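Down below is the structure, laid out as structure tokens.
Just so it is clear, the structure is predicted and the values come from calculations on it, not from any experiment. Naming: A, B, ... by sequence-line order, numbering from 1 per chain. In what follows, every heavy atom counts, from backbone to side chain, and hydrogens, waters and symmetry copies are set aside.
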Number of protein chains: 2
Amino acid sequence: MSERGGRSRHRDDATDTEAEGKSRAERKERTRQRLLEVTLRLIEDRSLASLSLREVAREAGIVPTAFYRHYASMDALGVDLVDDAMRPLRQMIRDARRGRAAHSDIIASTVAVLARQVRDHPDQFRFLTRERYGGVAGVRRAIATELRLFTTELTVDLARLTAGYDWTADDLEMAASLMVAAMLTTVMDLLETDPRRPEDADALLDKAERQLRLIALGMGEWRSKP
Amino acid sequence: MSERGGRSRHRDDATDTEAEGKSRAERKERTRQRLLEVTLRLIEDRSLASLSLREVAREAGIVPTAFYRHYASMDALGVDLVDDAMRPLRQMIRDARRGRAAHSDIIASTVAVLARQVRDHPDQFRFLTRERYGGVAGVRRAIATELRLFTTELTVDLARLTAGYDWTADDLEMAASLMVAAMLTTVMDLLETDPRRPEDADALLDKAERQLRLIALGMGEWRSKP
DNA sequence: ATTTCCGGTGATCACCTGTACACAGCGCTA
DNA sequence: TAGCGCTGTGTACAGGTGATCACCGGAAAT
């Protein structure tokens, strides 16, 4: 282990090739991003709770004390991490549904979008699923809130699709959350597949699609009792 | 905080009223149980990873070194905890289904059994759901294995119920795992309800029942494509 | 041009961690 | 009855932890 930054003021990274960051605000934002990124990388196979402030600071190339210039604690960083991960995802899924609302197969396209997102940012999803129930209270609450937003959006979509079949709001929410549960389980299972065996992931995605279709089929027969 | 067992050889508990445990094997088993029980209590609102060997030993009334007489590490204890929690549960659910196989409402009785089990042993379920994805690799694998057993049993049940409708084995598994996913989500949500508001729990259970019925409804319309 | 601000430094605090070691005392077995 | 085995003890060590401190130096504000 070489001493990192023992004497030099800044990290000498490959990224420091030219632009060292001009304004102070930019610099700060840069290290903040570095903290988030490093944290995400470090918890690839551990929980956030088992990660120490010092470890994150060390890996980000700053001294432990400097961490406090950005977050009051690791928990605060965790909360920040939650919406950094959720915001782009929600946007994506929303686009996938809106963009093809008229299109034939909403189910297939939604599953596809989610699959790509999981494949491209596995560490973010790992973080979310891992801390969803296992994390500290603050992080857990942040994730729960985001997921509720998610379910709500889906409920609205379903309301549009079932217009005229007098579904109860409660039943709509029931169906929506079943779908979300199925997708979340798929995500968690996806993350545990061996990346060298893409056929496993494909099988999971196929299963997810069939599950959503099964639910849709059930919805066709469902009658809300008021 | 009073010093626990500073001088006395054994803990002076209410349980030590008479039977102090006779054989040596019994004694050992007793402290082992105490370790498990204490661990379960301590992780009520933290992850297993954030729990230290010393803390568990301290709370169990033994010195840190003595811990090693029972487990090589906290992880090993975690794995032990998994099947201590799963074994009785699996038995219960199996009974609930077998016992009433002919009975009208399998769904209602299964949900009821699960609800009671969760209410009676919340800490075990908290442990399972929390470590299912958040825990160490060993514990995670142990839980995954147990859940797969669970899904397999349900698949067999479904096969019996759908006999004559030529369901693919794959589709049966798909439906079974959707049901399991729904139930697991319910369990996790149940654990986060405020115990002082039992109506919230009731609402969740009602939702779970409707979700299972929705799936059953879908299964009635489903046709496997071979 | 001077002062203020602020992200980062390095030393230090008291504490907690896992594990190693030698040893004690009881129960089981030879 | 003698003695080995095994659970539990007490002490110790080397290292990691979160938090606080006074301080530095360059960018920003005046």
Measure the distance from [atom1] on [X] to [atom2] on [N] and round it to the nearest whole Å.
| X | N | atom1 | atom2 | value |
| --- | --- | --- | --- | --- |
| B/R69 | C/dC26 | CZ | P | 17 Å |
| B/H70 | C/dG18 | NE2 | P | 16 Å |
| A/K28 | C/dC6 | NZ | C1' | 8 Å |
| A/M74 | D/dA19 | CE | P | 11 Å |
| A/R30 | C/dG7 | CZ | P | 16 Å |
| B/R27 | C/dG25 | CZ | C1' | 12 Å |
| A/L35 | C/dG7 | CG | C1' | 12 Å |
| B/Y71 | D/dG8 | OH | P | 12 Å |

Short side-chain N/O contact from B/T31 to OP1 or OP2 of D/dG8, under 4.0 Å: yes
Phosphate OP1/OP2 of C/dT17: any B/R58 side-chain N/O under 4.0 Å: yes
SB check B/D189 B/K207 (cutoff 4.0 Å): no
Basic-acidic side-chain contact under 4.0 Å: A/R197, A/D194: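 Between A/D194 and A/R197 there is no salt bridge, as every charged N stays at least 4.0 Å from the carboxylate O atoms.
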Output a table of nitrogen or oxygen pairs between the protein and nucleotides 19-21 of chain C separated by less than 3.5 Å.
from, atom 1, to, atom 2, distance (Å)
C/dT19, OP2, B/Y68, OH, 2.3
C/dT19, O5', B/Y68, OH, 3.2
C/dT19, O4, B/R54, NH1, 3.2
C/dA20, N6, B/T65, OG1, 3.3

For nucleotides 28-30 of chain C, tabulate all protein N/O to nucleotide N/O atom pairs closer than 3.5 Å, reporting atom names and distance.
from, atom 1, to, atom 2, distance (Å)
C/dC28, OP1, B/R24, N, 3.1

Can I get a per-line list of side-chain donor-acceptor pairs under 3.5 Å for residues 60-74 of chain B, giving both atom names and the distance, sequence neighbours left out?
from, atom 1, to, atom 2, distance (Å)
B/H70, NE2, B/T31, OG1, 3.2
B/Y71, OH, B/R32, NH1, 3.0
B/Y71, OH, B/D80, OD2, 2.6
B/S73, OG, B/D75, N, 3.3
B/S73, OG, B/A76, N, 3.4

Greater than 12 external heavy atoms within 6.0 Å of A/R141's CZ: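 Atom CZ in A/R141 is not crowded, with 12 or fewer foreign heavy atoms closer than 6.0 Å.
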Contact check, side chains of [X] and [Y], non-hydrogen atoms, under 4.5 Å:
| X | Y | result |
| --- | --- | --- |
| B/M86 | B/L89 | yes |
| A/L178 | B/R210 | no |
| B/I43 | B/R126 | no |
| A/T151 | A/E173 | yes |
| A/D95 | A/Q91 | yes |

